[in-house]
Structures are given as C-alpha cells and as structure tokens.
Number of protein chains: 2
Amino acid sequence: MARRPANPISESMDDYLKAILVLGGSEGKKVTSTALARRLNVTPASITNMLQKLAASTPAMVQYERHHGVQLSSAGKKRALEVLRHHRLIETFLYEVLNYPIEEVHDEAERLEHFISERFEERIAAKLGHPKFDPHGHCIPALDGRMPKDSSMRLTDVRDEGTFIIDSISDIDARILKVLKVRGISPGVQLRVRDIYEDHGYAVSIGSSKKILQLSQADSAAIKIQPM
Amino acid sequence: MARRPANPISESMDDYLKAILVLGGSEGKKVTSTALARRLNVTPASITNMLQKLAASTPAMVQYERHHGVQLSSAGKKRALEVLRHHRLIETFLYEVLNYPIEEVHDEAERLEHFISERFEERIAAKLGHPKFDPHGHCIPALDGRMPKDSSMRLTDVRDEGTFIIDSISDIDARILKVLKVRGISPGVQLRVRDIYEDHGYAVSIGSSKKILQLSQADSAAIKIQPM
DNA sequence: TACTCGATTTAGGTATGCCTAAATATTAGG
DNA sequence: CCTAATATTTAGGCATACCTAAATCGAGTA
Ligand SMILES: [Mn+2]
Ligand SMILES: [Mn+2]
Ligand SMILES: [Mn+2]
Ligand SMILES: [Mn+2]
C-alpha cells in the first residue's frame, strides 16, 4: 500500500516501537527478538527484518546489534510514547465518552491509535480534561512525552499476606479483564492478600469485604499493586 | 501488510467501491476507468487491476466488462453503503461531539471509516441520536443500507434567477468548504441566484440579506440546491 | 467502411511486510 | 575450552497495491 506515505513511519513500525518500549520498561533495557516475536505474533525472522529497517532509518529508531537485542533511540522513544499516548487516550475516550465495556477498549484502540490525527488527539484530550490515567490504571504520556515513573509491583511478586491498592490491570487479555471486572477488581480498589499458592495463584479479598476470591496465576499476573 | 486479513475486503477495495457508488449515482450508472482514476488519484492501469480483482472476488463486488465500465453488484453496493455510513457518521461525530471545523471533518473521516468497529459505529450513532444527515447535508445510509432518494440539483445547472434552499455542499475540497462557510453558505440556508455568468460562476445572496456574493465556477460546483 | 486518437488494458517493476526453511552465532553445561 | 541446544539471521517466496511504458481497443469521422 504505497498510498499513505506522508509519514515515513508505518503502522507496523509503530507497533514494533511500542512493543520495545513496553518490554524494555522505563529504564530502556535491551529487548530480545524472541520476546518481540512473541508479543507481536510474528516470526523471529520478521522481527530481524524490521529491526534492521528501524536501525537503518534516518533518524535511527533503535540501536540494534545483531544477536544482542534492541533498545529505542531517543527518536524511537519519542515516537513510541506518542503512539502510547494515542492508545491510552483513545481507551479513556471509548470508556468515558462512548461507554465501552472495559474489556473492549483495547482492541479498538490498538487499531485506531495509528490513524487518528493530532487534531483528534488534542480534541479528545480536551474533552476528557487531559486525563493522567487510562481506565486500566496506566498512566498516559504527556504531550511532551513525559511520564511519571511507575512505582507499582506485580501481585505475582507478593510472598506474604498483606494489604495493597490495585494500581493497574493489564489490558492485553479481554477475557481476564472481564473476569476481574465481574469480581470487582479494578484500579484504586483495596486488595488484601489472604493466601499464597506458590505459582498457582492467590486468595484475596476486596475492599472491606470478607469474601475470599480465588485468583488463578494468569489472573494474578494481570494485576499490579502498590503497598498501602 | 498481510496482518489484518480477518476481513477479506481491504481498505483500498472499500475506497474503490465507495467511489463507484458516488460516481455512478443512486441509479448505478456505469462508471469509466478514467473517472475512477481521477477521483482516486491513481493511474488508469491501477484501476483496471483493481476492477479485475473486484469482479473476480466471491461474491463479485462489481460487474465489469473490459472497455465498458463498471457497476456495483448488490454485494458491492451493500459494502459501499456500509463504508459511506461510517464516513458520514464519523463526520457528524467529529463536528457535533468533537467540535471540528467543518472543513476538517472529511479527511479525518476518510481515514477512520476503514478502521472503526461495528461497536464504534453503533455507539456514535446512538450518541448522535441516529442522525439522518451529515454536516455537509448529505444523507447517512441507514443500518440496512436504505437511503432516501436524492432530489437535489446542482447550482451549476441553474439557468435562471430564482430562490432555492441549499441542500448540501461537497466535502471534497476543504478550501472551498471554508470559503463557503465564511460567506454563510451552508445546508438549509436560503440562496437567491441574482446573476449568471455562463460557466464562470454566479452572483447570489443568502437568506434575506441584500448583499451580493460572487461565487466562482468551482465554488458553485460544490453546491447542491432544492427549489423552494 | 476504414482511420485515428483517446481510453483502457497488459506487461513488467517497486516497496511493504509477512512467512518457512536453512544457515549461523551465542551461550550454558560438561 | 568445547559442544550442543537455543536464539537469531539469511535466503527465498508470497500477497497487496501502486507505477510507467507499451500494446490494444473502440467510437466518431471521413
Ligand atoms: Mn490497551
Ligand atoms: Mn496498534
Ligand atoms: Mn466526506
Ligand atoms: Mn477512505
């Protein structure tokens, strides 16, 4: 499709950059081809191909040394944050303005993030009052690309009983998102860890409720928390 | 890009179908390759190529006989109306909800129409109260594809002085759209033809104003009217 | 009924982005 | 330090959608 060449950065390139940003964390750790391949659902060969292109573009979008992983360059990071901002603003918009069920916002945002204009971005941000967080609890990069550092931890790293605040829920798996929603597990809610089944999930309770909920390992892996 | 193959109808195919619908009018007249090439800004060779594909697909999207133009099949018409509905709903949404200036809605809609889900379509339609017309005065196809027959005429077909109601303004040229907006020319407004300069435009007045406005031929060609 | 010229199609090529299978490089275990 | 298993890259292909240049078609005129 040679017909939308205005911007030299393609939809695919954006998805790769975003994946590198998320997998590399805010510290910008090196990301392996295999990790990218798994996340983007393409073969490792395709990853190599795209990484070569991203490294060769002007300006370079990544630093890439074969067999040793990739990192975003500053141009790549800027672009990735821009797309991430689109994604999270759109999710917030779908949820707040169009009343989407929480588990449906991600897939729609994943597509639209590549096609909205700067004007669209600006207008929905204004309509939403320039929100800082999306409905999953993830923070939305500012226009200048700045983003407060994330101090949350994974529920699956918890080894002792205790009380926490739910920071965010992973938006990737709609099924899990819906299961957790039904059980009242969402960002900002208080979560008490009652029992730990090594690598097989947790028993928790929500808010001041005494009711014990069993979370599978997969469910638990989707949850990030803050100590109270 | 082999990665969004879920729907066998590509973005490009949609644009071709929509163009055939609009150029062929509601009567479904045959459309020439050249007309399509001009409208879609591609070479005639590319048109031939795509028409062959559209005719060969199952179900066939067009009836096409080489050297003799194309028409939409019923499947093609259904699809074209679906995309046109997306387009016009999005334009209305941008205008009404996101307060876009009228001359900016078209380009954004032209892109987004291909990427919104049925849920998005349904939600914005509901939010807008299931509108029948877009902000340019064009009617929005219903969910089932039905659309009232258009009884408007072109301003440029007017040969005698007289009074009309502005039916719609072409959304294709943002510059003209803005010029006309500034002069108060928009759908629903009363327009009086004061003078006719054969193929070089019109002198008109708006509403009950006495002020004479000079419209170039290009400006006039963008306006459709109804007799009062 | 031919001719001619504009319209249309065919042929051959480019760029993306993806895939599979066959190398090859890295790294961890012995 | 060597080797085997694993990770990664290279090579060769496919599909989409576009383009230019070279045929070819067909409608209107002589
Ligand atoms: Mn998301
Ligand atoms: Mn995406
Ligand atoms: Mn439009
Ligand atoms: Mn379009």
Side-chain angles (χ1 to χ4, degrees), chain A residues 1-20 23-24 29-58 61-71 76 79 83 110-111 114-115, chain B residues 1-20 23-24 29-58 61-71 79 83 110-111 113-115:
Chain A
M1 195 187 303
R3 256 180 78 223
R4 204 198 318 297
N7 179 350
I9 305 181
S10 69
E11 176 185 354
S12 277
M13 287 165 85
D14 275 348
D15 280 337
Y16 280 78
L17 293 174
K18 195 157 54 99
I20 297 168
L23 293 177
K29 286 193 299 275
K30 283 188 179 176
V31 176
T32 66
S33 297
T34 317
L36 281 169
R38 245 199 325 273
R39 178 160 184 114
L40 294 173
N41 281 305
V42 297
T43 61
S46 300
I47 299 289
T48 298
N49 214 66
M50 181 60 93
L51 294 185
Q52 288 171 341
K53 193 190 325 185
L54 289 170
S57 79
T58 314
M61 288 294 156
V62 301
Q63 293 154 234
Y64 165 62
E65 222 179 335
R66 60 208 189 113
H67 290 289
H68 293 285
V70 258
Q71 279 177 300
R79 179 65 195 177
V83 181
E110 190 64 38
R111 248 176 307 114
H114 307 286
F115 305 112
Chain B
M1 196 188 304
R3 253 179 80 221
R4 203 196 321 295
N7 179 350
I9 304 181
S10 69
E11 176 186 352
S12 277
M13 289 165 83
D14 275 348
D15 280 337
Y16 279 79
L17 294 174
K18 196 157 54 98
I20 297 168
L23 293 177
K29 287 194 299 276
K30 284 188 179 175
V31 176
T32 67
S33 298
T34 317
L36 281 169
R38 244 199 326 274
R39 179 162 184 111
L40 294 174
N41 281 304
V42 297
T43 61
S46 300
I47 299 289
T48 299
N49 214 67
M50 181 60 93
L51 294 185
Q52 289 170 341
K53 192 190 330 185
L54 289 170
S57 79
T58 315
M61 288 295 156
V62 301
Q63 292 152 235
Y64 165 62
E65 222 178 336
R66 60 208 189 110
H67 290 287
H68 293 284
V70 257
Q71 279 178 300
R79 179 65 194 176
V83 180
E110 190 65 36
R111 248 177 307 114
E113 63 187 6
H114 306 287
F115 304 112

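In what follows, every chain begins at residue 1, and chains take the letters A, B, ... in the order their sequences are listed. Treat the numbers as computed from the prediction; the structure is a model and nothing was measured.
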Colleague: How many whole angstroms separate atom CG of B:L51 from atom P of C:dT10?
Modeller: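 So the two atoms are 11 Å apart, to the nearest Å.
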Colleague: Rounded to the nearest angstrom, tell me the gap between atom CG in B:L40 and atom C1' in D:dC19.
Modeller: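 The answer, rounded to whole Å, is 15 Å.
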Colleague: Between atom NE2 in A:H68 and atom P in C:dT26, what is the gap in whole Å?
Modeller: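 It works out to 5 Å between those atoms.
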Colleague: Run the numbers on B:R66 and B:L51 for side-chain contact (heavy atoms from CB on, under 4.5 Å), then give the verdict.
Modeller: CA-CA 9 Å; B:R66 60 208 189 110; B:L51 294 185; over 6 Å; no
Colleague: Between atom CG in B:N41 and atom C1' in D:dC19, what is the gap in whole Å?
Modeller: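 From B:N41 CG to D:dC19 C1': 14 Å.
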Colleague: Just compare C:dC18, C:dT27, C:dA25 and give me whichever is closest to any side-chain atom of A:M50.
Modeller: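 Side chain of A:M50 sits closest to C:dC18.
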Colleague: For C:dC18, does either OP1 or OP2 sit under 4.0 Å from a side-chain N or O belonging to A:Y16?
Modeller: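 Answer yes for this pair, as a side-chain N or O of A:Y16 is under 4.0 Å from OP1 or OP2.
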Colleague: Just compare C:dC18, D:dT9, D:dC18 and give me whichever is closest to any side-chain atom of A:V42.
Modeller: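 Minimum distance to the A:V42 side chain belongs to C:dC18.
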Colleague: Under 4.0 Å between a side-chain N/O of B:K53 and OP1 or OP2 of D:dA17, yes or no?
Modeller: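 For B:K53, the contact criterion (side-chain N or O under 4.0 Å from OP1 or OP2 of D:dA17) is met.
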Colleague: Using whole Å, what does the distance between atom P of nucleotide D:dT20 and atom CD1 of B:I47 come to?
Modeller: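 One finds 13 Å between P of D:dT20 and CD1 of B:I47, rounded.
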Colleague: Side-chain N or O of A:T48 versus OP1/OP2 of D:dT10: is the shortest distance under 4.0 Å?
Modeller: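 Indeed not, no polar side-chain atom of A:T48 lies that close.
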Colleague: Name the nucleic acid region contacted by A:T43, choosing base, sugar-phosphate or nothing; use a 4.0 angstrom heavy-atom cut-off, strictly under.
Modeller: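 Base, at least one base heavy atom under 4.0 Å.
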Colleague: Where the side chain of B:R66 is defined as all heavy atoms beyond and including C-beta, which of C:dT16, C:dT9, D:dT9 is the nearest nucleotide?
Modeller: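 Ranking C:dT16, C:dT9, D:dT9 by closest atom to the B:R66 side chain puts C:dT9 first.
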Colleague: Yes or no on side-chain contact (heavy atoms from CB on, under 4.5 Å) for A:K18 and A:E110, after CA distance, side-chain angles and deciding distance?
Modeller: CA-CA 11 Å; A:K18 195 157 54 99; A:E110 190 64 38; 3.1 Å; yes
Colleague: Can you check side-chain contact (heavy atoms from CB on, under 4.5 Å) on A:V70 and A:L36, steps first, answer last?
Modeller: CA-CA 10 Å; A:V70 258; A:L36 281 169; 3.9 Å; yes
Colleague: Which nucleotide in the list C:dT9, D:dC19, C:dC18 gets nearest to the side chain of B:S46?
Modeller: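 Of the options given, the side chain of B:S46 lies nearest D:dC19.
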Colleague: Taking all heavy atoms of B:T43 and all of B:A37, pick out the closest pair and write down the distance.
Modeller: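 Scanning both residues completely, I find the closest heavy atoms to be C-CB, 4.1 Å.
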Colleague: Reckon B:S12 has a side-chain N or O less than 4.0 Å from the OP1 or OP2 of D:dT16?
Modeller: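 Result: no.
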Colleague: Expressed in angstrom and rounded to an integer, what is the separation of A:L36 atom CG from C:dG17 atom C1'?
Modeller: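 Taking atom C1' of C:dG17 as the reference, CG of A:L36 is at 16 Å.
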Colleague: If you assign each of A:H67 and A:A45 to its closest nucleotide in DNA chain C, which residue comes earlier from the 5' end?
Modeller: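 The residue whose closest nucleotide sits nearer the 5' end is A:A45.
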Colleague: Please report the distance, rounded to the nearest Å, between CD1 in A:I9 and C1' in C:dG17.
Modeller: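 So the CD1-C1' distance, A:I9 to C:dG17, works out to 16 Å.
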Colleague: D:dT16 C1' sits how many Å from B:D15 CG, rounded?
Modeller: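 It is 14 Å, rounded to the nearest whole Å.
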Colleague: Select one nucleotide: of C:dT9, C:dT27, C:dA21, the one nearest the side-chain heavy atoms of B:Y64.
Modeller: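 When the side chain of B:Y64 is considered, C:dT9 is the closest of C:dT9, C:dT27, C:dA21.
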Colleague: B:D15 vs B:E113, test: side-chain contact (heavy atoms from CB on, under 4.5 Å). Steps then yes/no.
Modeller: CA-CA 10 Å; B:D15 280 337; B:E113 63 187 6; 3.4 Å; yes
